[in-house]
J.: 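This structure is in structure tokens; I'll ask about it shortly.
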Amino acid sequence: MGIAKFLGLRTVIYAAPNLIKTKDWYTKALGIDPYFDEPFYVGFNVGGYELGLDPDAQPADGSTITYWGVEQIEQSVQQLIEKGAIVHADIQDVGDGIKVASIRDPFGNIVGLIENPHFSL
């Protein structure tokens with residue numbers, strides 16, 4: 001029996017009890033339309049990774065936060081706040097030029113952001 005070889009992040013799914021409002025917010029926040037749009041699931045292709053919206057899931061704080069790469073974290077946090085998000089964790093410089101923060105979308109999901117100069121866009 002072999003090992004389970006992870007190929008990398010593929011999909012992050014956020015709760016969307018009000019799928020229409022959540023889809024509209026993410027369409028505006030991301031600046032793209034979903035590539036998959038059904039009453040039971042909506043999926044966005046974000047830089048080759050999927051951000052999914054599940055109308056059957058409920059937002060809940062947990063121990064895992066997925067961090068989406070951004071070029072300029074200060075600008076990205078501000079743009080999301082202007083669209084209705086609130087700060088969950090302030091921007092922190094964690095060393096070596098890496099900055100992280102997280103916001104709570106208008107639907108209760110925690111979305112992590114990371115500016116990491118060691119990873120190419």
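From a predicted model like this one, the values you see are computed outputs, not experimental measurements.
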J.: Tell me, do His88 and Ile103 make a side-chain contact under 4.5 Å, heavy atoms counted?
T.: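 Sidechains of Ile103 and His88: no contact.
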J.: Between Asp96 and Ile98, is there a donor-acceptor pair closer than 3.5 Å when you use the side chain of the first and the backbone of the second?
T.: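 Not confirmed, Asp96 side chain does not pair with Ile98 backbone.
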J.: Measure the NZ-CD distance between Lys28 and Gln79 for me, rounded to the nearest 0.5 Å.
T.: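 The NZ atom of Lys28 sits 15.5 Å away from the CD atom of Gln79.
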J.: Any idea which heavy atoms bring His118 and Asn116 closest together, and the distance?
T.: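 Shortest heavy-atom separation between His118 and Asn116 comes out as N-OD1, 2.8 Å.
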J.: Are Val46 and Leu19 connected, step by step, through hydrophobic side chains (Ile, Leu, Val, Met, Phe, Trp, Tyr) whose heavy atoms are closer than 4.5 Å?
T.: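 Yes; tracing contacts between hydrophobic side chains, which count when under 4.5 Å, links both residues.
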J.: Can you check whether Ile73's main-chain N or O pairs, donor with acceptor, with Glu115's side chain at less than 3.5 Å?
T.: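 Yes, Glu115 side chain to Ile73 backbone: donor-acceptor pair under 3.5 Å.
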J.: Would you say CD1 of Ile32 has more than 12 non-hydrogen atoms from neighbouring residues, nucleotides or ligands within 6.0 angstrom?
T.: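 Enclosed.
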J.: Out of Thr22, Val111, Ile110, which one pairs with Tyr14 under the side-chain contact (heavy atoms from CB on, under 4.5 Å) rule?
T.: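 Answer after filtering Thr22, Val111, Ile110: Val111.
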J.: Hydrophobic clustering (ILVMFWY, side-chain heavy atoms < 4.5 Å, transitive) - are Val12 and Tyr35 grouped together?
T.: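 Tyr35 and Val12: separate clusters.
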J.: Can you name the nearest heavy-atom pair linking Gly84 to Pro106, along with the distance?
T.: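 Smallest heavy-atom distance, with atoms named: O-CG, 3.7 Å.
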J.: Find out whether Asp33 and Thr27 are in side-chain contact, i.e. whether some heavy atom of one side chain is under 4.5 Å from a heavy atom of the other.
T.: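 Yes - at least one pair of side-chain heavy atoms lies under 4.5 Å apart.
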J.: For the hydrophobic clusters of this structure (ILVMFWY residues joined by side-chain heavy atoms under 4.5 Å, transitively), does one cluster hold both Val94 and Tyr67?
T.: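 Linked, Val94 and Tyr67 end up in one cluster.
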J.: Considering all heavy atoms of both residues, which atom of Gly97 and which atom of Pro117 are nearest to each other, and what is their separation?
T.: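 Where Gly97 meets Pro117 most closely, the heavy atoms are O-CD, 3.1 Å.
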J.: Can you hop from Leu53 to Leu30 via hydrophobic side chains spaced under 4.5 Å?
T.: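 Yes, Leu53 connects to Leu30 through the hydrophobic network.
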J.: Would you mind reporting whether Leu80 and Trp25 have side-chain heavy atoms less than 4.5 Å apart?
T.: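 Answer yes - side chains close enough.
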J.: Can you tell me if NZ on Lys83 sees more than 12 non-hydrogen neighbours from other groups inside 6.0 Å?
T.: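 For Lys83, atom NZ is crowded (more than 12 foreign heavy atoms under 6.0 Å).
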J.: Which pair of heavy atoms, one from Pro17 and one from Pro59, lies closest together, and at what distance?
T.: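 Scanning both residues, the minimum pair turns out to be CG-CD, 4.0 Å.
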J.: Kindly determine whether Glu74 and Gln78 satisfy side chain to side chain donor-acceptor pair (under 3.5 Å), including the steps that lead there.
T.: CA-CA 6 Å; Glu74 290 86 357; Gln78 185 59 40; over 6 Å; no
J.: Work out which heavy atom in Val42 is nearest to a heavy atom in Pro34; give both atom names and the distance.
T.: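 Nearest pair, atom of Val42 first, then Pro34: CG1-CB, 3.5 Å.
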J.: Starting from Ile91, can I reach Trp68 by hopping between I/L/V/M/F/W/Y residues whose side chains sit under 4.5 Å apart?
T.: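 Yes, one cluster joins them.
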J.: Using 30° and 60° as the class boundaries, would you call the ring planes of Phe44 and Tyr26 parallel, tilted or perpendicular?
T.: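 Ring orientation of Phe44 relative to Tyr26: tilted.
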J.: If you look at every heavy atom in Phe107 and Lys21, which pair is closest and at what distance?
T.: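 The pair with the smallest heavy-atom distance is CZ-O, 3.4 Å.
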J.: Would you check if Ile114 and Phe119 make a side-chain contact, meaning some heavy-atom pair closer than 4.5 Å?
T.: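 Not in contact.
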J.: Using a 6.0 Å cut-off, check whether atom OH of Tyr49 has over 12 heavy atoms from anything other than its own residue.
T.: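 Result for OH/Tyr49: open.
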J.: Does the side chain of Ile81 reach to within under 4.5 Å of the side chain of Val77, using non-hydrogen atoms?
T.: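 Yes, close enough: below the 4.5 Å cut-off.
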